[in-house]
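All remarks here apply to the structure that follows.
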Amino acid sequence: MGLGISYIRKIQNGTLSEEELSDEELSEKIERYQEWYDKAQDVQNTIQDLYEQQRSLIRQKLDNILTYYDDMDSYLSSITSKMESLISLHDEMGRRSSFTELVEYFCKFFRIYEKLESPNPLVLPGSHTPLPFFLL
């Protein structure tokens, strides 16, 4: 733009004085440079904002992944606990079952539980008898 480095530094630092703007041609160059410098600063600020938004979204995605795996861990712990209760019940009833039979038995009652439409999840629809605790 034809400006000396000293003028450029003064514009960037905001230390340009009015006395230096007396030359009309120089003043016009300074105004054009100031305009472009301000636009460049705006672009730089926008880029910084976008980087911050991207970092925030990455953190949110990581939090979502961690929450998903925490929920999955809780779900699997619940299934394990229910299977242990089922095994214990079979042992107390004197029945010995293979693991495959226990899983099939568990799945059968889990499907019943999933189909519950009753407002009280402890009672099957059309019945007043609560489900055994190990099926919940």
Side-chain angles (χ1 to χ4, degrees):
M1 297 197 95
L3 282 178
I5 192 74
S6 64
Y7 285 114
I8 291 174
R9 285 192 182 132
K10 287 179 181 182
I11 291 169
Q12 292 175 353
N13 294 332
T15 58
L16 191 63
S17 67
E18 288 187 30
E19 294 96 34
E20 295 172 297
L21 299 178
S22 59
D23 181 5
E24 192 174 313
E25 185 178 326
L26 178 61
S27 177
E28 189 177 311
K29 287 180 183 180
I30 290 172
E31 286 177 23
R32 283 195 316 242
Y33 181 82
Q34 181 70 51
E35 180 183 333
W36 286 107
Y37 179 75
D38 291 343
K39 288 180 181 182
Q41 289 299 93
D42 290 343
V43 168
Q44 187 175 6
N45 292 339
T46 300
I47 290 171
Q48 186 63 36
D49 290 344
L50 290 172
Y51 280 133
E52 289 173 14
Q53 288 176 4
Q54 184 181 31
R55 283 190 291 270
S56 175
L57 290 172
I58 289 170
R59 275 189 226 103
Q60 182 180 1
K61 185 176 182 179
L62 179 59
D63 288 343
N64 291 345
I65 290 169
L66 292 174
T67 300
Y68 171 81
Y69 282 106
D70 283 345
D71 292 346
M72 185 60 69
D73 181 53
S74 295
Y75 177 73
L76 292 175
S77 294
S78 171
I79 289 176
T80 302
S81 173
K82 289 173 184 160
M83 287 297 293
E84 288 171 351
S85 295
L86 187 59
I87 290 169
S88 176
L89 177 66
H90 274 236
D91 286 347
E92 289 177 17
M93 293 171 60
R95 294 172 51 189
R96 291 286 176 192
S97 300
S98 69
F99 182 73
T100 304
E101 290 172 332
L102 289 171
V103 169
E104 289 173 0
Y105 187 71
F106 178 77
C107 290
K108 173 184 161 187
F109 284 101
F110 189 72
R111 281 191 296 274
I112 291 171
Y113 179 71
E114 283 182 325
K115 292 180 182 179
L116 288 178
E117 295 177 1
S118 172
N120 182 355
L122 300 177
V123 177
L124 286 171
S127 170
H128 297 291
T129 309
L131 290 171
F133 72 88
F134 65 90
L135 297 178
L136 302 175

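All residue numbers in this chain count up from 1 along the given sequence.
A distance-only check finds no donor-acceptor pair linking the side chain of Ser81 to the backbone of Ser77 [under 3.5 Å]. A donor-acceptor contact shorter than 3.5 Å is absent between the side chain of Ser78 and the backbone of Ser74.
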Show me the side-chain donor-acceptor pairs of residues 37-50 shorter than 3.5 Å, one per line, residues at least two apart or across chains.
from, atom 1, to, atom 2, distance (Å)
Asp38, OD1, Gln34, NE2, 2.9
Asp38, OD2, Gln34, NE2, 3.4
Lys39, NZ, Glu35, OE2, 3.3
Asn45, ND2, Gln41, O, 3.3
Thr46, OG1, Asp42, O, 2.9

Just distance, no hydrogens or angles: give the donor-acceptor pairs under 3.5 Å from side chains in residues 51-59, sequence neighbours left out.
none

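How far OG1 of Thr67 is from CD of Gln60: 10.5 Å, rounded to the nearest 0.5 Å. We find the CG-CG distance between Asp71 and Leu76 to be 11.0 Å, quoted to the nearest 0.5 Å.
Through direct or relayed side-chain contacts under 4.5 Å between Ile, Leu, Val, Met, Phe, Trp and Tyr, Leu62 connects to Leu66.
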